[in-house]
Amino acid sequence: MTLAMSGQTVSIPKHIAIIMDGNGRWAKQRLQPRFMGHRAGVKAVEGIVKHCAQRGVEVLSLFAFSSENWRRPGKEVSLLMELFSHALKNQVKKLHDNNIKLQIIGDIDRFSESLQQQIYLAQQLTKDNTGLTLNIAANYGGRWDITQSVQQLARQVAAGTLDADAISEELINAHLSTASLPEPDLFIRTGGEERVSNFLLWQMAYTEFYFTDVLWPEFDAGQLDRAINSFTHRERRFGRTSEQLQDKPDA
Ligand code: IPE
Ligand code: IPE
Ligand code: MG
């Protein structure tokens with residue numbers, strides 16, 4: 001999707017990937033338990049999903065639970081699982097009514113049987129929707145994703161159906177959990193930390209990064225527009241020169 005800005009045509013990001021960070025600190029500022037921050041974080045998700053759909057973003061990837069988040073206190077982990085299950089129960093119909101396709105990426109085998117079943121049903125229900133793809137990363141790690149892709153290929157090599165020399169970037173990409181999605185154009189991390197925390201490592205090789213101190217529960221449509229606006233002012237060269245992009249290759 002494109003829009004006109006100061007005479008130039010600039011593109012809205014097709015795929016936005018977000019690390020929703022700062023829930024705990026938001027709660028702490030209010031002298032509340034961390035869990036209240038996660039609850040407020042779910043509310044913020046609703047607003048951002050709606051705004052992305054309205055602005056014509058095609059894919060929104062949200063990091064909900066990392067493969068490292070199991071290291072948190074058991075009580076917080078189980079509350080996060082409950083919250084995830086609760087949010088699925090309450091939101092799936094609404095997502096479906098809005099033509100949103102829900103996809104979960106990550107190693108979901110570690111979740112309870114009932115949560116796995118909920119995930120399966122939600123994906124089944126919304127799989128043919130043609131609006132925004134909402135891609136939730138749960139028990140996700142970028143290194144896990146690359147590893148599981150390579151394992152699939154290694155099995156094919158062992159079975160004699162794939163030549164090791166035929167393993168290419170395209171083939172590794174095609175076996176990642178995001179195989180059906182375009183690569184993220186814009187990566188946003190709220191909460192002030194400036195790191196990737198094992199999110200979409202392979203997929204973000206050429207993604208534009210945007211960091212904000214705003215804590216996730218306070219990240220709203222206006223904040224998202226700021227990030228998108230920053231994105232539209234960037235020159236994505238993908239290794240080329242600025243002149244090449246302006247169609248003056250010899251300048
Ligand atoms: C992000 O917020 C949510 C999850 C990791 C589930 P945090 O819980 O990391 O919040 P802070 O970083 O402690 O403020
Ligand atoms: C990253 O946030 C994962 C999610 C937002 C789900 P963390 O707050 O757990 O990241 P680190 O471990 O501090 O880098
Ligand atoms: Mg954090």
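- When each of Val196, Ile19, Ile18 is paired with Arg189, the side-chain contact (heavy atoms from CB on, under 4.5 Å) condition holds for Ile19 and for no other.
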Test side chain to side chain contact (heavy atoms under 4.5 Å, CB included) on Ile16 and Ile228 and set out the steps.
CA-CA 9 Å; Ile16 300 179; Ile228 292 176; 4.1 Å; yes
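- Here the OH-OG distance, from Tyr140 to Ser177, works out to 4.5 Å after rounding to the nearest 0.5 Å.
- Checked by atom type, the side-chain pair Gln203/Thr178 shows a donor-acceptor distance below 3.5 Å.
- A donor-acceptor pair under 3.5 Å is formed between the side chain of Ser149 and the backbone N or O of Ile172.
- In this structure, the side chains of Thr190 and Leu215 stay at 4.5 Å or more apart for every pair of heavy atoms.
- The number of heavy-atom neighbours closer than 6.0 Å to CZ of Arg72, taken from other residues, nucleotides and ligands shown, is above 12.
- Between the side chain of Thr126 and the backbone N or O of His96 there is no donor-acceptor pair closer than 3.5 Å.
- Glu208 places no side-chain N or O within donor-acceptor distance of the main-chain N or O of Arg234, the cut-off being under 3.5 Å.
- We find the CG-CE distance between Asp185 and Met204 to be 12.0 Å, quoted to the nearest 0.5 Å.
- Distance check: His86 NE2 to Gln91 CD gives 10.0 Å after rounding to the nearest 0.5 Å.
- Checking Glu235 against Ser242 by side-chain atom types alone, a donor-acceptor pair falls below 3.5 Å.
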Would you please test Thr207 and Phe199 for side chain to side chain contact (heavy atoms under 4.5 Å, CB included) and show each step?
CA-CA 12 Å; Thr207 300; Phe199 197 20; over 6 Å; no
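- With Phe187 as reference, Phe209 is the one residue of Phe209, Phe63, Tyr206 to meet the ring pair (Phe, Tyr, Trp, His ring centres under 6.0 Å) rule.
- Under a hydrophobic-cluster definition in which Ile, Leu, Val, Met, Phe, Trp and Tyr are linked whenever side-chain heavy atoms come within less than 4.5 Å, directly or via other members, Phe219 and Ile136 are assigned to the same cluster.
- By the 4.5 Å heavy-atom criterion applied to side chains, Asn229 and Thr232 are counted as neighbours.
- Side-chain heavy atoms closer than 4.5 Å link hydrophobic residues (I, L, V, M, F, W, Y) into clusters, and following such links, even through other members, never connects Val42 to Trp216.
- Two residues are said to be in side-chain contact when any heavy atoms from C-beta on lie closer than 4.5 Å; Val77 and Pro73 fail this criterion.
- By the 4.0 Å N-to-carboxylate-O rule, Glu68 lies too far from Arg71 to be salt-bridged with it.
- Smallest separation of non-hydrogen atoms from Leu115 and Phe84: CD2-CD2, 3.9 Å.
- For the atom pair Leu134 CG and Asn129 CG, the distance stands at 11.5 Å (nearest 0.5 Å).
- Inter-residue side-chain proximity for Arg155 and Gln151 is flagged as met; some heavy-atom pair is nearer than 4.5 Å.
- A donor-acceptor pair is defined here as one N or O able to donate and one able to accept, closer than 3.5 Å; no such pair exists between the side chain of Asn23 and the backbone of Gly41.
- Side-chain polar atoms of Asp145 and Trp202 form no donor-acceptor pair below 3.5 angstrom.
- A pairwise comparison of heavy atoms in Phe111 and Gln116 identifies O-NE2, 2.8 Å as the closest pair.
- A donor-acceptor contact shorter than 3.5 Å links the side chain of Asn99 to the backbone of Thr130.
- Taking hydrophobic clusters as Ile, Leu, Val, Met, Phe, Trp and Tyr residues chained together by side-chain heavy-atom distances below 4.5 Å, Val157 shares a cluster with Leu171.
- By the rule that hydrophobic residues join a cluster once side-chain heavy atoms approach within less than 4.5 Å of another member, Val59 and Leu224 end up as members of separate clusters.
- The closest donor-acceptor contact from the side chain of Thr147 to the backbone of Arg143 lies under 3.5 Å.
- Applying the 6.0 Å contact sphere to CZ of Arg236 captures more than 12 heavy atoms from other residues, nucleotides or ligands.
- Using modelled atom types, no side-chain atom of Ser85 and backbone atom of Met81 make a donor-acceptor pair closer than 3.5 Å.
- Between atom CG of residue Leu200 and atom CD1 of residue Ile105 there is a gap of 5.5 Å, rounded to the nearest 0.5 Å.
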Carefully, step by step, assess His51 and Asp225 under the rule side-chain hydrogen bond (donor to acceptor under 3.5 Å, both in side chains).
CA-CA 9 Å; His51 194 59; Asp225 283 340; 2.8 Å; yes
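- Defined by atom type and a distance below 3.5 Å, a donor-acceptor pair is present between the side-chain atoms of Glu76 and His38.
- Under the 6.0 Å distance and 45° angle rule, Arg30 counts as a cation-pi partner of Trp26.
- Of all non-hydrogen atoms in Pro33 and Ala27, the two that sit nearest each other are O-CB, 3.3 Å.
- A distance-only check finds no donor-acceptor pair linking the side chain of Glu58 to the backbone of His15 [under 3.5 Å].
- Nearest heavy-atom pair across Phe231 and Ser11 is CE2-O, 3.4 Å.
- Judged by distance alone, the side chains of Asn198 and Trp144 never bring a donor and an acceptor atom under 3.5 Å apart.
- Closest non-hydrogen pair, Pro217 versus Gly37, comes out as CG-O, 3.9 Å.
- The closest side-chain donor-acceptor pair between Gln152 and Gln148 falls under 3.5 angstrom.
- Under the 4.5 Å side-chain heavy-atom criterion for ILVMFWY residues, no single connected hydrophobic cluster contains both Leu62 and Leu181.
- Lys50 NZ to Leu132 CG: the interatomic distance, rounded to the nearest 0.5 Å, is 13.5 Å.
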Apply side chain to side chain contact (heavy atoms under 4.5 Å, CB included) to Val57 and Lys14, showing your working.
CA-CA 5 Å; Val57 172; Lys14 265 191 187 177; over 6 Å; no
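- Contact record, Asp213 with Gly192: OD1-CA, 3.3 Å, taken as the closest heavy-atom pair.
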List the steps, then state whether side chain to side chain contact (heavy atoms under 4.5 Å, CB included) holds for Val92 with Leu125.
CA-CA 9 Å; Val92 169; Leu125 178 71; 3.6 Å; yes
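- Side-chain contact annotation: Gln103 with Gln123, donor-acceptor N/O pair under 3.5 Å absent.
- Side-chain atoms of Arg25 come within 3.5 Å of backbone N or O of Gly191 as a donor-acceptor pair.
- Side-chain atoms of Asn98 come within 3.5 Å of backbone N or O of Lys94 as a donor-acceptor pair.
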